[in-house]
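A short write-up of the structure that comes next.
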Amino acid sequence: MYDAVHRRCAAAGAGHLPPVLVAPGGSAAPLEMPVGLPLGVGGLPFDSAEFEIAGRSLLALFTDGLVTGPERDPDAGVADLCRTLTEYSGLRPDEMRDRIVASGLPAHARDDIALLLVRVHALAEDGMAGWRIDPDPAKVAGARASTNAQLEHWGLDAVGFAVELIVSELVTDAVRYGAPPVYLRLLRDKDRALIREVSDGRETSPHLRRARPDEEGGRGLFLIAHPARRPVGYALHARGEDDLGRGPDRHRRTGPRPLRGRARRRSRRLTPRRTGRTVIQ
């Protein structure tokens with residue numbers, strides 16, 4: 001989970017090797033973080049680590065199959081991956097992917113191979129507004145009013161109706177089914193993507209459901225998935241995003257400080273939040 005305002009990343013492992021971080025103009029190195037049990041094994045919470053990450057850094061997430069093989073040591077495979085990422089760090093993520101594939105994948109891999117390259121961006125502080133919402137349904141109207149006032153300040157009145165609809169539903173959902181504290185943030189990045197982010201204190205993630213014709217509730221999140229560019233989904237947080245006349249979505253400080261010792265481990269679950277994207281033409 002990457003916070004583009006505070007330039008911090010929270011990560012938890014579930015049996016896989018840790019991601020590799022490539023600093024802007026620097027070298028690649030694996031993040032130092034605890035490795036948890038694979039998903040579905042046991043009921044213990046995952047330990048997470050937090051890192052400060054510079055804007056324009058690149059994160060490489062991968063499965064074991066990319067760096068292991070019948071005669072290939074995982075440590076050597078990760079070292080080879082780091083060398084390749086360092087050598088081609090100035091390329092676009094898709095070009096780096098092609099270079100990694102061309103450098104040679106393990107022969108007769110025993111596991112599936114997956115690779116995700118993510119270039120992170122930092123948001124200016126004037127591109128963020130946030131509020132703590134009291135866990136009272138009557139406060140949802142105040143959240144809508146604050147949202148509209150901030151959109152007017154940013155000169156985004158034209159998207160007010162769609163944004164108000166989604167904010168209202170996400171905040172109502174968090175107040176009704178979540179737990180304090182409830183926070184609402186509006187983020188506006190340089191690519192004119194407007195992100196609406198709502199979080200609460202519960203450790204369980206909300207989910208979409210399809211209400212039956214005779215049910216009174218259960219339709220809100222499903223309905224706001226339609227004005228959203230992509231379906232409202234829930235992983236580590238719930239966000240709603242608007243492309244302000246940009247078309248299709250294109251994605252998630254000088255180089256980072258040394259990684260060793262900078263990870264702040266926590267024995268807790270990551271905060272669940274709510275997400276979707278709307279295109280405003």
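Just so it is clear, the structure is predicted and the values come from calculations on it, not from any experiment.
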With rounding to the nearest 0.5 angstrom, report the [atom1] to [atom2] distance, [X] to [Y].
X	Y	atom1	atom2	result
His153	Leu186	NE2	CG	12.0 Å
Trp154	Arg188	CH2	CZ	7.5 Å
Leu194	Thr147	CG	OG1	9.0 Å
Leu151	Arg196	CG	CZ	9.0 Å
Ser89	Leu58	OG	CG	9.0 Å
Lys139	Thr172	NZ	OG1	14.0 Å

[X] to [Y] - nearest heavy-atom pair and separation:
X	Y	result
Phe46	Gly13	CD2-O, 3.3 Å
Ser57	Ala23	OG-CA, 4.1 Å
Tyr2	Ile53	OH-O, 4.0 Å
Pro93	Leu117	O-CD1, 3.3 Å
Pro137	Val175	N-CG1, 3.8 Å

Using a 4.5 Å cut-off on heavy atoms from C-beta on, say whether the side chain of [Y] contacts that of [X].
X	Y	answer
Asn148	Glu164	yes
Val20	Phe62	yes
Met96	Leu85	yes
Cys82	Pro30	yes
Met33	Pro19	yes

With the 4.5 Å side-chain cut-off for hydrophobic clustering, are [X] and [Y] part of the same group?
X	Y	value
Val101	Leu81	yes
Leu116	Leu59	yes
Tyr183	Ile133	no
Val35	Leu61	no

- Query: Partners of Ser168 by side-chain hydrogen bond (donor to acceptor under 3.5 Å, both in side chains), sequence neighbours excluded?
  - Reply: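 Ser168: side-chain hydrogen bond (donor to acceptor under 3.5 Å, both in side chains) contacts with Arg144.
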
- Message: Strictly distance-based, threshold 3.5 Å: is any side-chain N or O of Ser48 a donor or acceptor partner for the main-chain N or O of Ala12?
- Response: no

- Query: Within the distance-only criterion (no hydrogens, no angle test), does the side chain of Thr86 pair as donor or acceptor with the backbone N or O of Ala28 below 3.5 angstrom?
  - Reply: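 Looks like yes, one N/O pair under 3.5 Å.
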
- Message: Around atom CG of Asp136, are there more than 12 heavy atoms from other residues, nucleotides or ligands closer than 6.0 Å?
- Response: yes

- Message: Can you confirm whether more than 12 heavy atoms, excluding those of Glu95, are under 6.0 Å from its CD atom?
- Response: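 Counting neighbours around CD of Glu95, more than 12 heavy atoms of other residues, nucleotides or ligands fall under 6.0 Å, so yes.
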
- Matching residue for Val78 among Val67, Asp64, Leu66 - test: side chain to side chain contact (heavy atoms under 4.5 Å, CB included): Val67

- Which one of Met128, Arg185, Glu197 satisfies the side chain to side chain contact (heavy atoms under 4.5 Å, CB included) criterion with Asp3? Arg185

- N-O pairing of Arg202 and Asp200 below 4.0 Å: no

- Task: Could you go through the side chain to side chain contact (heavy atoms under 4.5 Å, CB included) check for Gln150 and Trp131 one step at a time?
- Result: CA-CA 11 Å; Gln150 188 62 44; Trp131 305 270; 4.1 Å; yes

